[in-house]
Number of protein chains: 2
Amino acid sequence: MRVTIKDVAKKAGVAPSTVSRVIADNQRISLETKKRVRKAMKDLGYHPNVNARNLAIRSTQAIGVVMPSSTDKALQNPFFPEILGGIGSVAHEMEYSLYVSTGSTEEEQFEEVKRMVFGNRVDGIILLYSRANDVVMDFLFEKNFPFVVVGKPYSEENQITYVDNDNVKASREITQHLIDLGHQYIAFIGGSTERVVTVDRLQGYESALEAADLPNREEYKVQTEFLESGGHKAVEKLFSLDQPPTGLVIADDLVSLGVINMLEELGFRVPGDISIASFNNVYLSEITRPPLTTVDIQIYLLGVHAFKCLIEKVKKKDEPSKRIIVPYKIKYRQSTKEIDGK
Amino acid sequence: MRVTIKDVAKKAGVAPSTVSRVIADNQRISLETKKRVRKAMKDLGYHPNVNARNLAIRSTQAIGVVMPSSTDKALQNPFFPEILGGIGSVAHEMEYSLYVSTGSTEEEQFEEVKRMVFGNRVDGIILLYSRANDVVMDFLFEKNFPFVVVGKPYSEENQITYVDNDNVKASREITQHLIDLGHQYIAFIGGSTERVVTVDRLQGYESALEAADLPNREEYKVQTEFLESGGHKAVEKLFSLDQPPTGLVIADDLVSLGVINMLEELGFRVPGDISIASFNNVYLSEITRPPLTTVDIQIYLLGVHAFKCLIEKVKKKDEPSKRIIVPYKIKYRQSTKEIDGK
DNA sequence: ACCATCAGTGCAACCGATTGCGCAATCAGC
DNA sequence: GCTGATTGCGCAATCGGTTGCACTGATGGT
């Protein structure tokens, strides 16, 4: 049997409560006693039992991280391990543990979240996605359980703490970049409009077009979820228009890779014929060919801030909801090119 | 305050112990009582407190998943979310939760694992990597704590349960494929030789060369960790040899992408001038250009089996150690080509 | 010299479950 | 009708901690 607080107490010649206070570094215990107890702990190789502790203090030093349902291939996105890294780094520092949930369906996800919440497994939750009418978010919100979302919540925006980039500005800027390069026919490829981030990026794109007095054509907006077979068709259609685009704003680096691939198959060159700008700056976008012009949303930092915000909320239940906007940086690389420089 | 087992007991007019037994679906409780209690639970919205439960039964319905230290960019590999998906799917099914550890350094990782083990946070651990002289593995082994590793352990191979592919065979086969295509100058690019998987794949490569009576040249083996700047040099050097290779076996799809990029920069075409075959078959390898010939190691399945093995070990402490070899399938795509077909 | 204060610890209740054991009621067998 | 087994359930200890409160002895003020 593992060594318990009582064993330590006995060995140090004090009461269990004293040991407990030593662990908590309570002021009222004399330095001498503390030393003695600490030595006993070391000697015995004592480690407190979290379950007992959590039961007593009604808390857990753990937070839950909810990934999008793994049915959409989205989970394969390097975005997730990276943001996990960000969250994990500060979690480790603060001695928190991470629970992750990877339900395959929305239903499963929801169940897992309920397990986390009701089962008292976690003190708070980070949502790594934001989609419209999300039951999980509604549930957490209604239960008033501490949570923060990475991305903009689909509703109750100012009552929910979230960390995000200014996606519409970033999108506007990167679209503007294409415009500056002389492109007049710029299309947008994004994921499901269920996802808030898609909507924001689309909006930024549109507003840039508008500001530049370029037409905002419906047929230039394609929505395809992560390159499944349908995506192929959509792209083909885009390029068989009477006036095919010369520039593409794509909401995700990974999609860009797929699109570039298709384009080359169709006989277009990037950036020779088509310029492509996208989002996220995953590690890949640098080593691919051509390297992608993309907005670096600082995934790691998103994670770091999300965690910090969550801890604040956990510590003080009535912490006001806040919004953290992590700055982005556009990485200009070789997938974009002047229209005339062909 | 949350509703406890006592509340349910009171409402149902029974003792807490009875409620507990109803939860466990104990035989000795009459169906009628069960119904009554279940109704009370429903009505009150009762959810058992895991901490209390775990404390009492000295177990947790959770397992830990240890990722490689995030300092190496390895964490960005889609391999991880995908295997997490596999693990998570069956974990969910069996009502287990997942703890992940993402330490940035080996030291941090070790600390987290100790927290998991000593703190009684998890029933078992899955190691998502296998490297030489790993303190974490040694620790778990020595403590006789239930764990399984994904990949082949660096030592004590037949006392540790692990799930892996037959990497040497796969590597031999895919190298043979290159040979069949007429390649005689085939190089190998792998990650750190600290990682067991690299060693296996290297071995398979060598054995294929040997079997075909091709020379096994030292200068054809480059070891570069995930494409950092040094990798660039290594590849350049490889192609400035008197006899540069025409075929490449690369231990990871992501590295392949980087290498293809470099090669094109250097003026080589894939597969025109150089054929490339690699490993893992991450989603990307299909949508990239050219699509990669790669061995599909069935990442998701690796995860599924790892979890199942772990649970067996958890349930029966003396479960014999086993080895699960998940079959691979080679995906022949366009990154490899006959040497003469140029 | 006396009382109030305070530092340093221990007692015991409690957190919310599980479970071995015991007891009452029912039932079968004779 | 009596006995022994069986069924159905409750008592109370236990898991390993935390924490409010009480207690003791020393200190300090008057």
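Here is the naming used below: chain letters follow the sequence lines, and residue numbers restart at 1 for every chain. Remember, predicted model here, so these are calculated numbers, not experimental data.
Looking only at side-chain heavy atoms (C-beta outward), Val90(A) and Lys308(A) come within less than 4.5 Å of each other. Side-chain atoms of Ile125(B) and Val136(B), non-hydrogen and from C-beta on, never get closer than 4.5 Å to each other.
Within a 6.0 Å radius of NZ in Lys322(B), other residues, nucleotides and ligands contribute more than 12 heavy atoms. Other residues, nucleotides and ligands contribute only 12 or fewer heavy atoms inside 6.0 Å of the CZ atom of Arg323(B).
Counting non-hydrogen atoms under 4.0 angstrom, Ile57(A) reaches the backbone sugars and phosphates but no base.
Atoms CG (Leu44(B)) and P (dA17(C)) sit 12 Å apart, rounded to a whole Å. If you measure from atom CG of Asn51(B) to atom P of dG16(C), you get 10 Å, rounded to the nearest angstrom. Atom CD1 of Ile29(B) and atom C1' of dG8(D) are 6 Å apart (whole Å). Regarding Leu31(B), its CG atom lies at a distance of 10 Å from the P atom of dC9(D), rounded to whole Å. Remark: C1' of dC15(C) and NZ of Lys6(B) are 8 Å apart, rounded to the nearest angstrom. Between Arg58(A) atom CZ and dT18(D) atom C1' there is a gap of 9 Å when expressed in whole angstrom units. When rounded to the nearest whole Å, the span between CG of Asn54(A) and C1' of dC15(D) equals 14 Å. The nearest whole Å value for the distance from the CG atom in Asp7(A) to the C1' atom in dC15(D) is 13 Å.
Between Phe141(B) and Tyr162(B), the gap from one ring centroid to the other reaches at least 6.0 Å.
Summarising the geometry, atom CG belonging to Asn165(A) is positioned 5.0 Å from atom CG belonging to Leu302(A); distances are rounded to the nearest 0.5 Å.
The shortest distance between the side-chain N/O atoms of Ser30(B) and the OP1/OP2 oxygens of dT7(D) is not below 4.0 Å. For the OP1/OP2 pair of dG16(D) and a distance below 4.0 Å, the side-chain nitrogens and oxygens of Arg53(A) include no atom meeting the criterion.
The shortest non-hydrogen separation linking Leu98(A) to Ala91(A) is CD1-CB, 3.5 Å. The two residues Asp134(B) and Tyr129(B) come nearest to each other via the heavy atoms OD2-OH, 2.9 Å.
Asn54(A) contributes no side-chain N or O that, together with a main-chain N or O of Asn51(A), makes up a donor-acceptor pair within less than 3.5 Å.
Of the candidate nucleotides dG17(D), dC9(D), dA17(C), dA17(C) has the atom nearest to the side chain of Ala52(B).
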Strand DNA chain D in bracket notation, Watson-Crick/G-U under 3.5 Å with | for pairs to another chain: ||||||||||||||||||||||||||||||
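Using a 4.0 Å cutoff on non-hydrogen atoms, the parts of residues 10-28 of chain A near DNA chain C are Gly13(A), Val14(A), Ala15(A), Ser17(A), Thr18(A), Arg21(A), Arg28(A), ordered by number.
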